[in-house]
J.: 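First, the structure itself, so that you have it in front of you.
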Amino acid sequence: MGLNSTRFEVNSYHSHTGMMANSETSVVQYRGARQRSHCGYCGHGFSKYTHGMWAHAMTVQDYQDLIDRGWRRSGKYCYKPTMDKTCCPQYAIRCRSGDFKMNKSHKKTVKMVHRYINQGLKPGEKTEEAAAAVSANTKNSSKKNSGPENVTKTEGKGGQEKKHLEKCPTPGKGADPSKPPCKKAKLRRLEKKQEKMAQKLQQGDVPEVKQATSKEAATAVPHKVEKGAPNAPKSLEELLAECTVENPVHKLEIKLVQSSPQSSEFKDTFDQSYGVYRRYQMAIHKDSPGNCDKQGFKSFLVDSPLQSMKIPGGLEHGYGSFHQQYWIDGKLIAVGVLDILPNCTSSVYLYYDPDYSFLSLGTYSALRELAFTRSLHPKAPNLEYYYMGYYIHSCPKMKYKGQYNPSFLLCPDTYTWNPIRQCEPKLDASKYSRLESSVEKADDNGRVTLEEVLILHDNQAMPYAIYKAIKPRAGNEAEVRQYAGFVGMKCAKRMLLYRS
């Protein structure tokens, strides 16, 4: 009997075991090891190894537990790299959103996008006023420096005029040697502060300062810069809010639409979304038109096994699969595919209109998704991480993910999360490495109790022990054991593994 007819007919077992109702149960078919395939990261042929399974339905909690063991999904197909065999080991990476700190490149990207939105200026372009000022300064400078020397007249003794020859700096030769070196604004502020303090000391207007003991100094709490303080760096939210000004040249809108099951907003914008995807794949990844059809788009980025879930008083949109759409002046320019899970938001894919590639939308969308993750935390306290897919240390174009600090990599042996800076020396030495520093740490969830693995067979859910009694000659014990080891026993005892 086929799986489609048996998919949800598992009530009899669940009603006697107190397990989840059938609409909240994961149903999977394990496909085992995939044949070696071409690697898109290093370009080698038949050097990529993975294991996979087809997910007909999956709870958000089961998928959360799976990605915490190195699994990812592409549509309804879930896969896990065979880390000790594949040519380019792929380590799951996540960022703790609440502690995220922007670097200079991130800030530059946000300001560049907002400059385009607010002023209509692309990178390298200047306003008309700025361009006119630069032109005027250039003309004045050329007049002043037209000759090697400037002659100035001063009146000396007896009313006689004296000529002073002042050397003018030659353009491109550096600072004017006849003038004192220019001090930075920060240094000038410091000197001014020191002068004021010296004046107060002379006037005796300085309050007595109690000398802290060594113990007090050791236990003192560092000063915390209050939010909004003059010298405090802007938060991610404050920087992104600068996009909202009166009368911007362009209008930016960001919308979250549910992709599975498809919301009315998603259906209304499907054609525009597919059009952006098609242009992106052909221009950026050089796909042929035949490889970018609607069915391929749906199976890759629309179809999802995740069962949407809402909790009273929780997230307004609930958990599941979504598309985050970026619109400029009513035109869809980019889409971020996201899974919202109990402990994280997981980035699945991003595609954008190639005409807007000058906006660095990969970086900008990641910052937006980080801010979105932070905004969910008040109503979902456990949701604090932003998962970025895989980090590949041996592939330069994939190492950018490590710039989102603080980031953590998943150890392929123990499935524990480790700070990326501690992992880098190990990965420099070997592409495949155990990242957990404790030698005693083991993968307890990977210890398989075969009899407890849950099976779906002949319209019934049952533990493997019963299935084995019914079909003693099935001969698939090794495959079931491998499946349970990869997904972990927590999932193996909850998810239904289809067996004919």
J.: Between F100 and Y386, does the ring centroid distance fall short of 6.0 Å?
T.: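 No, the ring centres sit 6.0 Å or more apart.
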
J.: Restricting to ring-ring contact (aromatic ring centres under 6.0 Å, His included), what partner residues turn up for F322, sequence neighbours left out?
T.: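 Applying ring-ring contact (aromatic ring centres under 6.0 Å, His included) to F322 gives H317.
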
J.: Parallel, tilted or perpendicular, judged at 30° and 60°: which one describes the rings of H106 and Y404?
T.: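 Correct class here is parallel.
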
J.: So L435 and P412, do their side chains get closer than 4.5 Å, heavy atoms only?
T.: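 Result yes, sub-4.5 Å side-chain heavy-atom pair found.
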
J.: How about Y391 and H393: are their ring centroids closer than 6.0 Å?
T.: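 Ring centres of H393 and Y391 closer than 6.0 Å.
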
J.: Could you give the distance from SG (C411) to CE (M83), rounded to the nearest 0.5 Å?
T.: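 If I round to the nearest 0.5 Å, the distance is 9.0 Å.
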
J.: With a 4.0 Å cut-off on N to O distance, would you call R374 and E237 a salt bridge?
T.: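 Salt bridge: yes.
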
J.: Between Y326, Y277, Y356, which is the residue that forms a ring pair (Phe, Tyr, Trp, His ring centres under 6.0 Å) with Y351?
T.: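 Per the ring pair (Phe, Tyr, Trp, His ring centres under 6.0 Å) rule, the option paired with Y351 is Y277, out of Y326, Y277, Y356.
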
J.: Just so I know, are the side chains of L383 and N343 near enough to count as touching, which here means a heavy-atom distance under 4.5 Å?
T.: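 Result no, sub-4.5 Å side-chain heavy-atom pair not found.
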
J.: On the 0 to 90° scale, with breaks at 30° and 60°, tag the F486-H51 ring pair as parallel, tilted or perpendicular.
T.: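 Judged by the thresholds at 30° and 60°, the geometry between F486 and H51 is tilted.
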
J.: For K331 and D353, run salt bridge (charged side-chain N to carboxylate O under 4.0 Å, His left out): C-alpha distance rounded to whole Å, both residues' side-chain angles, the deciding distance at 0.1 Å, then the answer.
T.: CA-CA 10 Å; K331 178 184 178 181; D353 189 329; 3.5 Å; yes

J.: May I ask you to decide whether R278 forms a salt bridge with D293, counting only side-chain N to carboxylate O separations under 4.0 Å?
T.: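 Looking at D293 together with R278, the answer is no, because their closest N to O distance does not fall below 4.0 Å.
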
J.: So, taking the atom named CD1 in I117 and the one named CG in L359, what distance separates them when rounded to the nearest 0.5 Å?
T.: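 Result: 7.0 Å between the selected atoms.
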
J.: Between E384 and T373, is the side-chain contact (heavy atoms from CB on, under 4.5 Å) condition met? List the steps.
T.: CA-CA 7 Å; E384 59 176 328; T373 304; over 6 Å; no

J.: One thing to verify: whether K490 and D62 come together as a salt bridge, which I'm taking to mean a side-chain N less than 4.0 angstrom from a carboxylate O.
T.: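 K490 and D62: not salt-bridged.
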
J.: Testing Y349, Y280, F270 for ring pair (Phe, Tyr, Trp, His ring centres under 6.0 Å) with F297, which one passes?
T.: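 Among Y349, Y280, F270, the one meeting ring pair (Phe, Tyr, Trp, His ring centres under 6.0 Å) with F297 is F270.
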
J.: Quick one, R421 and P406 - any side-chain contact, counting heavy atoms below 4.5 Å?
T.: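 With C-beta onward as the side chain, the pair stays apart.
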
J.: Please say whether more than 12 non-hydrogen atoms of neighbouring residues, nucleotides or ligands are located less than 6.0 Å from NZ in K298.
T.: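 Not more than 12 within 6.0 Å, no.
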
J.: Taking T416's backbone N and O only, do any of them form a donor-acceptor pair with N418's side chain (distance below 3.5 Å, no angle check)?
T.: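 Yes, N418 side chain to T416 backbone: donor-acceptor pair under 3.5 Å.
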
J.: Check whether any side-chain heavy atom of L306 sits under 4.5 Å from a side-chain heavy atom of Y63, and report yes or no.
T.: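 Yes. Closest side-chain heavy atoms under 4.5 Å.
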
J.: Would a 4.5 Å heavy-atom cut-off, applied to side chains only, mark L338 and V348 as touching?
T.: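 Side-chain contact under 4.5 Å: no.
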
J.: Would you name the heavy atoms of M388 and C95 that are closest together and state the gap between them?
T.: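 What the structure gives for the nearest pair is CE-CB, 4.0 Å.
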
J.: For the ring pair W327 and Y352, is the centre-to-centre distance below 6.0 Å?
T.: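 No, the ring of W327 stays outside the 6.0 Å limit from the ring of Y352, centre to centre.
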
J.: In Å, rounded to the nearest 0.5 Å, how long is the span from CD1 of I328 to CD1 of I333?
T.: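 So the gap between those two atoms works out to 3.5 Å.
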
